[in-house]
Protein chains: 2
Amino acid sequence: MIESDELLSIRAAELYYEEDKTQDEIGSILALTRWKVGRLLAQAKASGFVRIEIVHPRARRLPVERRLRETCGLADAIVVSTSGVEDQDELQSRTAQAAADYLATLRPVPRTLGISWGRTLDDVSRHLHDGWAGGVDVVQINGGVSLNRRAGTAASTAVTIAQKGGGHATLLPSPAILERLETKRAIESDRAVSAVLDLASNADAYLFSAGAADATSVLVDSGYLTSDDVAGLVRRGAVGDVVGRYVDGAGAIVDERLDERTIGLPLESLRAAQLSIAVIAGAAKHAVARAVVASGLCTVLVTDEETALHLIENHPSVPDSEGQRGTA
Amino acid sequence: MIESDELLSIRAAELYYEEDKTQDEIGSILALTRWKVGRLLAQAKASGFVRIEIVHPRARRLPVERRLRETCGLADAIVVSTSGVEDQDELQSRTAQAAADYLATLRPVPRTLGISWGRTLDDVSRHLHDGWAGGVDVVQINGGVSLNRRAGTAASTAVTIAQKGGGHATLLPSPAILERLETKRAIESDRAVSAVLDLASNADAYLFSAGAADATSVLVDSGYLTSDDVAGLVRRGAVGDVVGRYVDGAGAIVDERLDERTIGLPLESLRAAQLSIAVIAGAAKHAVARAVVASGLCTVLVTDEETALHLIENHPSVPDSEGQRGTA
DNA sequence: ACGCGCCGTGCTCATATGAGCAAAGATCCC
DNA sequence: GGGATCTTTGCTCATATGAGCACGGCGCGT
């Protein structure tokens with residue numbers, strides 16, 4: 001009879017969800033009391049026979065968000081639906097939109113927001129709506145002067161976010177990575193730079209993304225690193241970069257020498273922050289996302305469903321510096 | 001504001017369906033009255049943002065059934081879900097199961113049931129449960145003596161259906177297709193055969209399948225026709241066979257000469273029947289299914305979702321003897 | 001500018017649904 | 001076989017939801 005109950009619950013679910021019948025009506029169709037029908041329906045839902053999905057570019061996945069928050073100990077998690085996503089761009093765009101939405105609904109509104117730069121952040125800036133905040137000061141947290149045609153993207157990201165938020169942007173007037181340690185120390189001690197870094201380290205909130213450890217990285221594209229450099233980092237365990245710094249699966253700096261030449265907020269400041277929002281989407285970034293979450297670099301993660309499920313399944317709370325390398 | 005309403009309805013749907021919040025709770029979360037939330041939810045459903053699907057091997061697609069009934073003028077339609085189907089066998093099996101279920105719930109229970117034979121019908125017979133009817137006489141409606149190793153399948157199908165239904169089977173002791181017209185006439189006039197045909201033509205209900213017009217047909221497999229014969233029929237417009245008779249897209253006999261040598265109930269008897277149930281599944285059979293439905297060979301169709309949607313989209317009520325050939 | 005009509009809103013009331021409970025069956029162990 | 005226990009069933013009552021309606025704001029035409 002357990003078998004026939006299952007079948008009945010399917011028939012009931014069909015009538016209830018597809019034909020919009022009332023439980024009472026279903027009762028008389030299937031010759032059952034309406035209470036039995038109610039229980040059958042509950043059973044069908046509990047057994048997962050009834051799948052309810054919300055299909056919309058801006059739909060989120062609340063149950064996944066909850067699981068992600070819980071298994072990864074995040075303060076908050078925003079997971080966008082991947083259903084109906086056609087390409088990588090669509091996914092990026094949806095995630096950026098969600099990040100923008102999240103930023104706009106933050107209460108209290110941060111007075112100072114530290115941001116990194118890159119493709120993702122730029123996307124977020126474009127998806128924000130005018131007046132998303134009543135006066136935010138935006139400050140760059142890592143070196144933002146590009147070496148090539150892309151110059152200006154980093155600046156425009158910051159400026160856009162600030163303008164739309166009714167505040168102004170403070171740029172970090174420095175390259176991301178210097179060639180010599182001495183130059184880095186020199187530039188870092190320059191008031192124009194150190195003042196910005198001070199401001200950055202006192203921001204109310206941080207918003208940053210992460211890059212995958214491969215040749216498509218903005219750091220390669222901007223000329224700071226060569227593909228070979230990145231390949232070398234990967235060999236040493238790098239899974240991606242966070243605000244310009246390459247980390248391994250456990251979120252530790254891969255190459256101290258390189259890191260010392262990198263200008264920007266140290267990762268420890270992100271870890272210590274009250275509110276730091278990471279925006280990371282796409283299969284290529286699963287490994288970095290895991291490192292970011294596992295090592296506590298963010299308190300809030302905005303990501304896509306697939307990445308979220310990957311994180312949940314791979315319990316990032318038990319980091320493993322081997323593992324995920326090369327998943328991209 | 002219309003835009004923001006859409007977004008709100010998505011948020012509301014997320015909270016309602018994924019988080020099991022009450023409309024009232026959602027109201028306080030989104031700062032809306034519960035009536036507004038109700039309307040938003042209704043809007044989300046109406047716009048198709050909320051997709052509810054019942055995933056189960058024995059799930060049916062009631063809305064599709066309704067549309068199929070309406071657009072094709074069927075007395076009834078049974079459409080099985082294709083979600084999660086792994087292979088052709090699974091699809092066949094689900095459809096056969098559904099046909100068996102339908103047969104078992106028929107009221108009034110037919111006293112005499114005319115059946116064809118083949119892979120599909122055999123599947124149906126195996127999915128029926130013991131005691132599905134309290135005494136049905138099963139009679140074959142087309143020639144059932146196979147020429148090769150498969151001999152007996154046709155007989156066993158009929159016997160199984162009859163046994164499980166507490167009745168007995170009447171087999172048609174004749175080949176499906178004779179080589180010479182004279183032989184066919186002779187055998188047809190033999191009492192042993194004509195009595196069965198008489199019985200068949202007076203059946204309360206018919207249950208049959210259809211074959212695609214290709215070399216995989218049981219008629220080829222059983223040695224009645226060669227692949228070349230079938231290819232020739234296809235060139236002349238055949239889309240498949242129904243109880244051993246090849247028909248074109250409009251349901252008309254393709255080759256009168258061949259048809260005259262075919263033993264069994266004429267298609268007109270199926271068209272005139274009160275209740276004739278066709279069981280047809282799989283992409284290879286879309287074209288025959290269309291012909292069967294369009295030409296009124298069945299009053300009830302048991303099929304899979306894809307085939308059903310194909311039929312609905314291709315309005316079989318406006319038959320087109322060209323068209324679907326070769327869709328398989 | 002004024003009145004008209006339409007749309008969106010929040011309401012009342014009827015209905016549908018779910019929680020909790022007591023009785024009836026089924027099951028199991030002795 | 002008999003009693004104890006556990007499950008299933010049908011109920012009562014509280015709650016959630018949907019239909020229909022009256023009101024108010026908004027845009028439109030004159």
Side-chain angles (χ1 to χ4, degrees), chain A residues 1-56 58-63 65-66 101 104-105 129-131, chain B residues 1-56 58-63 65-66 101 104-105 129-131:
Chain A
M1 273 301 156
I2 179 79
E3 152 83 25
S4 90
D5 250 25
E6 183 171 313
L7 187 54
L8 269 182
S9 76
I10 295 302
R11 296 280 160 265
E14 285 163 0
L15 292 163
Y16 192 71
Y17 293 107
E18 300 192 327
E19 296 287 86
D20 293 309
K21 304 256 182 227
T22 162
Q23 297 188 3
D24 221 352
E25 289 177 293
I26 298 170
S28 50
I29 292 170
L30 301 179
L32 300 165
T33 62
R34 71 186 186 77
W35 296 281
K36 177 75 180 171
V37 174
R39 281 176 188 127
L40 249 20
L41 250 19
Q43 187 189 317
K45 246 204 274 190
S47 318
F49 299 147
V50 179
R51 167 177 299 164
I52 302 184
E53 200 186 351
I54 294 159
V55 283
H56 192 281
R58 297 181 72 170
R60 284 164 49 185
R61 284 287 111 100
L62 267 19
E65 292 181 1
R66 180 205 301 283
D101 289 346
T105 54
H129 61 261
D130 272 316
Chain B
M1 273 303 154
I2 179 80
E3 151 84 25
S4 89
D5 251 24
E6 182 170 313
L7 187 53
L8 269 181
S9 75
I10 296 302
R11 295 282 159 263
E14 286 163 358
L15 292 164
Y16 192 71
Y17 293 107
E18 300 192 328
E19 297 287 86
D20 293 310
K21 304 258 182 222
T22 161
Q23 297 188 4
D24 221 352
E25 289 177 294
I26 297 170
S28 50
I29 292 170
L30 301 178
L32 301 163
T33 62
R34 70 184 187 77
W35 296 282
K36 177 74 180 170
V37 174
R39 285 183 240 266
L40 248 19
L41 250 19
Q43 187 189 318
K45 246 204 273 187
S47 318
F49 299 146
V50 179
R51 167 177 300 163
I52 302 184
E53 201 187 349
I54 294 158
V55 283
H56 191 281
R58 296 181 72 170
R60 284 165 48 185
R61 284 286 110 99
L62 268 17
E65 292 181 1
R66 180 205 300 284
D101 288 346
T105 54
H129 61 261
D130 272 316

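Each chain gets a letter, A, B and so on, in the order the sequences are listed, and its residues count up from 1. Note that this is a predicted model, so its numbers are computed, not measured.
Under 4.0 Å is where a charged nitrogen must lie from a carboxylate oxygen, and between A:Arg58 and B:Glu6 no such pair does.
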Checklist line | Intermediate values then yes/no, side-chain contact (heavy atoms from CB on, under 4.5 Å), A:Arg60 and B:Arg11 | finding: CA-CA 8 Å; A:Arg60 284 164 49 185; B:Arg11 295 282 159 263; 3.8 Å; yes

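Nearest nucleotide to the B:Lys36 side chain, out of C:dT17, C:dG10, D:dT17: C:dG10.
Atom CG of B:Asp24 is separated from atom C1' of C:dC11 by 14 Å (rounded to the nearest Å). Distance, B:Leu32 CG to C:dG8 C1': 13 Å, rounded to whole Å. Atom-to-atom, OH of B:Tyr16 to C1' of D:dT15 comes out at 12 Å; the value is rounded to the nearest Å. Remark: C1' of D:dG18 and CG of B:Leu40 are 15 Å apart, rounded to the nearest angstrom. Remark: C1' of D:dT8 and CD of A:Gln43 are 12 Å apart, rounded to the nearest angstrom. In this structure, A:Asp20 places its CG atom 13 Å from C1' of C:dA16, rounding to the nearest Å. If you take CG of B:Leu8 and C1' of C:dT9, they are 15 Å apart, rounded to a whole angstrom. What separates CD of B:Gln23 from P of D:dA19 is a distance of 11 Å, to the nearest Å.
Judged by atom type and distance alone, A:Arg34 does not reach the base of D:dG10 through any side-chain donor-acceptor pair under 3.5 Å. Side-chain atoms of A:Trp35 and base atoms of D:dT12 include a donor and an acceptor less than 3.5 Å apart.
Between D:dT17 and B:Thr22, a contact under 4.0 Å exists linking OP1 or OP2 to a side-chain N or O. OP1 and OP2 of C:dT9 both lie 4.0 Å or more from every side-chain N or O belonging to B:Thr33.
Distance alone, capped at 3.5 Å, places no donor-acceptor pair between the A:Gln23 side chain and the A:Val37 backbone.
Atom CZ of residue B:Arg66 and atom CD of residue A:Glu19 lie 4.5 Å apart, to the nearest 0.5 angstrom.
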